[in-house]
Amino acid sequence: MNALQEYLDQNGVTRYQVAKQTGIANTTLANAVKETKPLSGQTVKVITAVAQAVGKTPGQVLDDLIELDEDNSK
């Protein structure tokens, strides 16, 4: 599973909710959670939108995503 999608699931937030709260396009989020999209390919725009939706800073979200990605690659 894509680390971003897993992160959204763990935080109980849907892509639709992120799009609605932040104004980011749902298609942008759909592309961001594709299985083939590596964490290193995520944009600041997406990380910032997710952070706003979960009530964290972009840095906290990025740290969490890096940890998830590392756990998934073990």
Side-chain angles (χ1 to χ4, degrees):
M1 177 183 282
N2 176 287
L4 183 60
Q5 183 61 57
E6 186 175 350
Y7 186 76
L8 291 173
D9 292 346
Q10 286 180 357
N11 284 279
V13 177
T14 65
R15 292 191 322 253
Y16 176 78
Q17 289 170 319
V18 174
K20 189 87 168 157
Q21 288 177 18
T22 65
I24 193 171
N26 197 33
T27 54
T28 301
L29 293 169
N31 287 330
V33 298
K34 285 184 178 175
E35 189 61 39
T36 56
K37 181 84 169 191
L39 180 57
S40 61
Q42 296 299 347
T43 65
V44 172
K45 182 178 183 177
V46 169
I47 300 294
T48 302
V50 170
Q52 184 179 341
V54 298
K56 294 186 175 183
T57 67
Q60 289 171 318
V61 170
L62 189 54
D63 287 343
D64 292 345
L65 286 170
I66 290 169
E67 187 175 324
L68 261 180
D69 196 48
E70 287 173 352
D71 288 347
N72 288 342
S73 64
K74 290 181 182 176

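- With no hydrogens or angles considered, no side-chain donor-acceptor pair links Gln60 and Asp64 at under 3.5 Å.
- Atom CG in Leu29 sits 9.0 Å away from atom NZ in Lys45 (nearest 0.5 Å).
- A donor-acceptor distance shorter than 3.5 angstrom exists from the side chain of Asn31 to the backbone of Thr27, with no hydrogens or angles considered.
- Side chains of Leu65 and Ile47 form a contact here, defined as non-hydrogen atoms less than 4.5 Å apart.
- Closest heavy-atom contact between Leu68 and Gln10: CD2-NE2, 3.5 Å.
- The shortest side-chain heavy-atom distance between Gln5 and Arg15 falls under the 4.5 Å cut-off.
- The hydrophobic clustering, which links ILVMFWY residues whose side-chain heavy atoms are closer than 4.5 Å, places Met1 and Ile66 apart.
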_Leu4 vs Gln42, test: side chain to side chain contact (heavy atoms under 4.5 Å, CB included). Steps then yes/no._
CA-CA 9 Å; Leu4 183 60; Gln42 296 299 347; 4.0 Å; yes
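- Under a 3.5 Å cut-off, the side chain of Asn72 and the backbone N or O of Ala3 do not form any donor-acceptor pair.
- For the side chain to side chain contact (heavy atoms under 4.5 Å, CB included) with Lys56, the qualifying choice from Leu62, Asp63, Val61 is Val61, the only one to do so.
- The two residues Asn2 and Ala32 have their closest heavy-atom pair at ND2-O, 3.2 Å.
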